[in-house]
Amino acid sequence: MQNLLHNLNPEQLAAVTLPSQSALILAGAGSGKTRVLTTRIAWLIQTGQISPAGVLAVTFTNKAAKEMMSRLSAMLPMNIRGMWIGTFHGLCNRLLRAHYRDAALPQSFQILDTQDQLSMIKRMLKALNIDDEKYPPRNLMYFINGAKDDGLRAQDIDAHDEYNRRFVELYDIYDQQCQREGVVDFAELLLRTYELLSRNQPLREHYQQRFRHILVDEFQDTNNLQYNWLKLLAGRDNAVFAVGDDDQSIYAFRGANVGNMAAFEREFSVQNLIKLEQNYRSHGYILDAANTLIANNAKRLGKNLRTDAGHGEPIRVYEATSDLQEANWIIEESKSLIAEGASRSEIAVLYRSNAQSRVIEHALFSAGIPYRVYGGQRFFERAEIKHAIAYLQLIDNPHNDSAFLRVVNFPARGIGARSLEGLQDVARQRRCSLHDAVAHVPGRPGTLLTNFVKLIDDVRAETALLSLPEMVQVMLDNSGLITHYRSEREGADRVENLEQLVAAASQFISEEGFGRGTPALQGPSAEAVAGQAIVNADGVEIVDADAPLTLVMSPLSAFLSHASLEAGDNQAQAGQDAMQLMTVHAAKGLEFDAVFITGLEEGLFPHENSDKAEGGVEEARRLMYVAITRARRRLYLSFSQTRMLHGQTRFNIKSRFFDELPEEALKWLSPKVQHHWFASQPRAAWADTPSKQPALASSTELGWRIGQTVLHQKFGEGVIVNIEGGGGNARASINFGPNGMKLLDLTIAKLEKVA
DNA sequence: ACCCCGTTTATTTTT
DNA sequence: TAAACGGGGT
């Protein structure tokens, strides 16, 4: 135990050893957040305050959950299987599997990912003959997910106009369709569990009594439903240990509510708020920059990072004339870092949006520097894998129409759109699944469809006693998927991926503790279930959704859940010592010796949409804060006067965030206010855009040019983005950054040129 | 049933 | 720019 608490600083120690009450830990970047979280669990167990089964730890990502588990198993000399550590969705899945009857779901319900959900909505709109211009599927999806995230069912929503009434109506129809198919979307996993526990008192009390300690990671990212879910599970007596950082809240756009931190303090009567402000990651100048920047946010719980490390290197700032030049500068700097002995994987290039990676990738490629881009397609998202998964889904639950449609004619079986429309009509009339409708389709389409259904049924029958990997193999062979991709010109990779799926299945069953030979379709045995049965005080029998998974679902169901909930690694040239390219969002939680934050321009970072959204600029500032605090020793900031965006050259001014950083921490590598690109090479930029010539001719008479930086007494500094008209009629679009884009008459407006 | 070509649209993303 | 989608033609 001494060992356990040994190297903690006073605040960390205080947090780890708090009494069993709800507490809020404000954990700054690099302050040892995960360490506190895991040590807290280990300490509770070692001091005998709780048994592993009494611990519930919730994270947002599978990665974070795995990290916690591996740290815990290093800390504790025991099997940590009894602990519930997982993502909100993973834990809900487990609960719903164990209590599927109470939750009114089929035992083999399946999970729709975002793609599946959208295609299902499209299908529904089409079937109802609804104009998808007027009711865009995407909007409906956001509406549905937003409602679910707020805990609302269709009947709970008051629509004030015709348009919204329609949305509500469609939401209701969508839910009914999901129910018929036995599928749930991501938000549904949470909402269904919430409803299950709130309606079923014995069940709720059972879990409330079990989980005396609930620990939550990244609390600032919780949405309203997750917050209420925690509140429900915590009941009145349990201790919720919430760890988060309001300054790193960057997911409001997907429903995260930072306000949950303040609400938590109030509603869970938090006696102990501990701030972890000692930073173990970054050098002084870097932290100064982060602190100074974030102080510009008004809505904060308040926190200031400090370090024992010295100032370190100043933050280098570079102003490029073009995105291309910016990229080349990154390469030059990286080369010298590498020459000084830095390893490539310790250098990260961050950007606001994915599109920005192109130029940088191109430059890195030309320079022959290995790199890795985060955020590509992941294993279970690949088309061929999704097809294979769809076959498996049909074996497990033939009523999953999304899966049915995905593969009914893939590989081609002569079942075209026409036949499928007919089938869908029959299914709608009979209010049944496509699978069940097949028997009622006459003629040749009927025969072909029947053959398809028979194919699925045969694989199911043939593999009923086989293990999961064996089943996957048979499915691949019998479905014709492998044959199909073998005959395709560029199918070799896909065949290889499909073979990897067998390996993935094999790895999965051994990791999750299913016996090697357990039949893929074998559900929990009656005795196993009986062994888990608990009779509560009211005489109600409850089966606890306890680990391992083997007790609540079949290997196949478990594997399919896994495929939906854990999309797998985004493919990477792993092993190589490569530079790391990613969005700022993707960088959250990571750290690097050297970090480049690129594209620091008005309109991009902060993004132009940030100005419009409520609290958008503060969120953008937090994003910048996250970016800065990724760096350990070296930080580079860059922006460019011009940038190619959507096939057009955009003229930008530097981000307002530069004005919010401490001057003494920065070292400007290029002159701050000096010649712009057009001064030295006036022709180059528009040589290939003849259309702009007339405007330029007229504007040059007046002395104005696109790209010119100007000063307006009211709007401040801006850049001329476009000039239209000529002579006495010349007007210019000027980007004044924080003050927006203005269209000004050049003959009237009082503008000063900034050199 | 499939392919081609024009149109449209472009933050951030985990589950 | 470029990728994804949908309509229409073969």
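Below, chains carry the letters A, B, ... as their sequence lines are ordered, and counting in each starts from 1.
Each of A:Gly416 and A:Glu566 has a nearest nucleotide on DNA chain B; the 5'-most of these lies closest to A:Gly416. Residues A:Thr87 and A:Asn354 both approach DNA chain B. Their nearest nucleotides, taken by heavy-atom distance, put A:Asn354 toward the 5′ side.
Ring stacking holds between A:His607 and B:dT11, with the centres under 5.5 Å apart and the planes within 30 degrees of each other. In this pair, A:Phe88 does not lay its aromatic ring on the base of B:dT15; centres under 5.5 Å and planes under 30 degrees do not both hold.
Among the heavy atoms of the strands lying under 4.0 Å from A:Ala412 are primed sugar atoms or P, OP1, OP2 only; no base atom is included. Residue contacts shown for A:Leu112 are absent, as no nucleic acid heavy atom lies under 4.0 Å away.
Ring planes of A:Tyr485 and A:Phe410: tilted class, angle from 30 to 60°. The aromatic rings of A:His562 and A:Phe508 sit tilted relative to each other, their planes meeting at an angle between 30° and 60°.
Summarising the geometry, the separation between CD on A:Glu381 and P on B:dT15 is reported as 10 Å, rounded to the nearest angstrom. To the nearest angstrom, P of B:dT14 lies 15 Å from CD of A:Gln220. Atom C1' of nucleotide B:dT15 and atom CZ of A:Phe253 are separated by 13 Å, given to the nearest angstrom. Remark: P of B:dC2 and CG of A:Leu420 are 12 Å apart, rounded to the nearest angstrom. Atom-to-atom, CH2 of A:Trp229 to C1' of B:dT15 comes out at 13 Å; the value is rounded to the nearest Å.
Judged purely by distance below 3.5 Å, without hydrogens or angles, the side chains of A:Gln226 and A:Asn260 never pair a donor atom with an acceptor atom. The closest side-chain donor-acceptor pair between A:Glu361 and A:Tyr371 falls under 3.5 angstrom.
Closest contact between the side chain of A:Leu565 and the listed nucleotides B:dT14, B:dT15, B:dT11 involves B:dT15. Of all nucleotides listed (B:dC2, C:dT1, B:dT11), C:dT1 comes nearest to the side chain of A:Met644. Listed nucleotides: C:dA2, B:dT13, B:dC2. Nearest to the side chain of A:Tyr251: B:dT13. The side chain of A:Thr61 has B:dT14 as its nearest neighbour among B:dT14, B:dT13, B:dT11. Considering only the side chain of A:Ala586, B:dT13 comes nearest among B:dT11, B:dT13, B:dT15. When each of B:dT11, B:dT15, B:dT13 is scored by its nearest atom to the side-chain atoms of A:Asn609, the top-ranked nucleotide is B:dT11. When distances are taken from the side chain of A:Arg358 to each of C:dA2, B:dT14, B:dT15, the shortest belongs to C:dA2. For A:His646, counting side-chain heavy atoms from C-beta on, the closest listed nucleotide (B:dA10, B:dT15, B:dT13) is B:dA10. Which of C:dA2, B:dT13, B:dC2 sits closest to the side chain of A:Asn409 comes down to B:dC2. Side-chain proximity of A:Phe186 to the nucleotides B:dT15, B:dT13, B:dT11 is greatest for B:dT15.
Scanning atom types as modelled, one donor and one acceptor separated by under 3.5 angstrom connect the side chain of A:Thr114 and the base of B:dT15.
A sub-4.0 Å separation between OP1 or OP2 of B:dT15 and a side-chain N or O of A:Ser564 is absent. Proximity of A:Asn62 to the phosphate of B:dT14: no side-chain N or O atom is located under 4.0 Å from OP1 or OP2.
We find the CG-CG distance between A:Leu190 and A:Asn223 to be 7.0 Å, quoted to the nearest 0.5 Å.
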Applying ring-ring contact (aromatic ring centres under 6.0 Å, His included), run through A:His585 and A:Phe253 and close with a yes or a no.
CA-CA 12 Å; A:His585 282 92; A:Phe253 70 89; 5.7 Å; yes
